[in-house]
Amino acid sequence: MNWTPWQYLKLKCPINREALKETLDGGQAFRWKWMEEEDCWEGIWGTTVARLKHATDDRLQISLPKALEAKAEIGDYLKIGTDWQQIIDQLPWRSDEILKTSISAFQGLRILKQPFGETLLAFLCSATKQIPQIKIMCENLAQTHGEEIVEGYHALPSWQRLSNATETELRKLGLGFRAKNIKRTADILADSPERLSTIESLPYAEAKEELMQLPGVGEKIADCALLFGAEKLDAFPVDTWILKSLQNRYGLHDWNAKQLTHFGRIHFGEYAGLAQQFLFSWERSES
DNA sequence: AGGCAGGTGGCCA
DNA sequence: TGGCCACCTGCC
């Protein structure tokens with residue numbers, strides 16, 4: 001396939017190599033892969049295909065398939081115009097050494113704005129699975145049910161399309177018990193096409209409550225979909241890594257996930273979700 | 001070979 | 001409300 005020449009992106013905040021890797025392939029998104037030969041990341045979201053390269057001075061370059069050149073929406077997806085430094089400054093790093101350390105390790109780490117519907121789909125796949133497995137499930141879903149964008153590159157299927165598949169078909173893609181939830185959610189969303197965009201426009205608390213009406217969507221998956229797919233930066237997903245971090249590094253040994261979700265939102269504030277991502281990346285890199 | 005992994009929902013006290 | 005367990009599958 002033909003790709004356009006590399007072009008610099010106008011990044012408000014620079015991003016280091018490690019932070020880029022964490023942003024694209026650290027559990028927010030599941031459709032980026034490292035291209036060793038090209039020394040770049042290649043990813044798909046919505047109906048966009050793109051390559052990203054880490055350049056000197058922590059800048060970024062982008063290249064697109066020539067056939068899709070006009071379709072680039074990388075700015076929104078990567079939130080390149082957002083002043084992340086200003087947001088970080090509002091986190092309690094001054095009084096929180098752990099947070100301070102993880103922020104300095106991942107300079108430029110950011111929260112993506114992925115398409116809401118496919119973020120929900122990816123996280124419905126995520127239950128008790130590790131990142132490589134989730135990526136395989138997403139790839140299988142795209143290959144078998146998703147629309148082809150350019151040769152060999154498939155979008156994730158819409159909920160409408162997914163509702164045409166049977167649970168048995170979905171199970172064959174390695175989804176396991178997640179297939180039932182995905183099928184049932186697809187049937188619901190296909191019946192009310194406006195529902196997701198309505199949810200996306202609600203404030204965090206109401207959006208979460210609405211999302212959790214869907215089968216297979218509990219607190220954690222709802223928080224992930226809202227943080228990574230709807231710009232609700234006050235969402236604070238508690239997974240096993242954050243659980244470990246808060247229990248061991250913050251000394252909250254007897255706290256359960258529900259209590260820690262509350263703690264996170266109180267302690268880290270309006271941008272708790274960004275703090276979560278720093279702690280998450282730090283915890284994983286230290287393990 | 002058995003336990004566990006970025007959870008959820010149902011059942012029981 | 002709070003704790004426990006089954007649920008698919010692949011990987012160590």
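Here the structure is a predicted model, which means the values were calculated and not measured. The figures here come from the full heavy-atom set of this structure, side chains too, leaving out hydrogens, waters and symmetry mates. Here is the naming used below: chain letters follow the sequence lines, and residue numbers restart at 1 for every chain.
- Under a 4.0 Å N-O distance rule, the pair A/K232/A/E200 does not qualify as a salt bridge.
- Counting any heavy atom pair closer than 4.0 Å across all strands shown, A/E167 reaches no nucleic acid atom.
- Using a 4.0 Å heavy-atom cutoff across all strands shown, A/T128 reaches at least one base atom of the nucleic acid.
- Looking at heavy-atom distances under 4.0 Å, A/F280 makes contact with a base.
- Distances shorter than 4.0 Å separate some side-chain N or O of A/R171 from OP1 or OP2 on C/dC8.
- In this structure, A/R59 is positioned above the aromatic face of A/Y8, its NZ or CZ under 6.0 Å from the six-membered ring centre and within 45° of the axis.
- The pair A/E219-A/K208 meets the salt-bridge criterion, with a side-chain N (NZ, NE, NH1 or NH2) lying under 4.0 Å from an Asp/Glu carboxylate O.
- Counting non-hydrogen atoms under 4.0 angstrom, A/V238 reaches nothing in the nucleic acid.
- Taking only side-chain nitrogens and oxygens, A/Q130 comes nearer than 4.0 Å to OP1 or OP2 of B/dG6.
- Under 3.5 Å, the side chain of A/K129 and the base of C/dT9 form at least one donor-acceptor pair of N or O atoms.
- Searching all strands for a Watson-Crick or G-U wobble partner of B/dT8 with both distances below 3.5 Å returns C/dA6.
- Classification of A/K33 and A/D25 as a salt-bridged pair fails, no side-chain N sitting under 4.0 Å from a carboxylate O.
- Across all strands, A/I131 comes closer than 4.0 Å to base atoms (heavy-atom distances).
- Within 4.0 Å of A/G27, counting heavy atoms only, lies at least one base atom of the nucleic acid.
- C/dG10 sits 24 Å from B/dG9 when the C1' atoms are compared, rounded to a whole Å.
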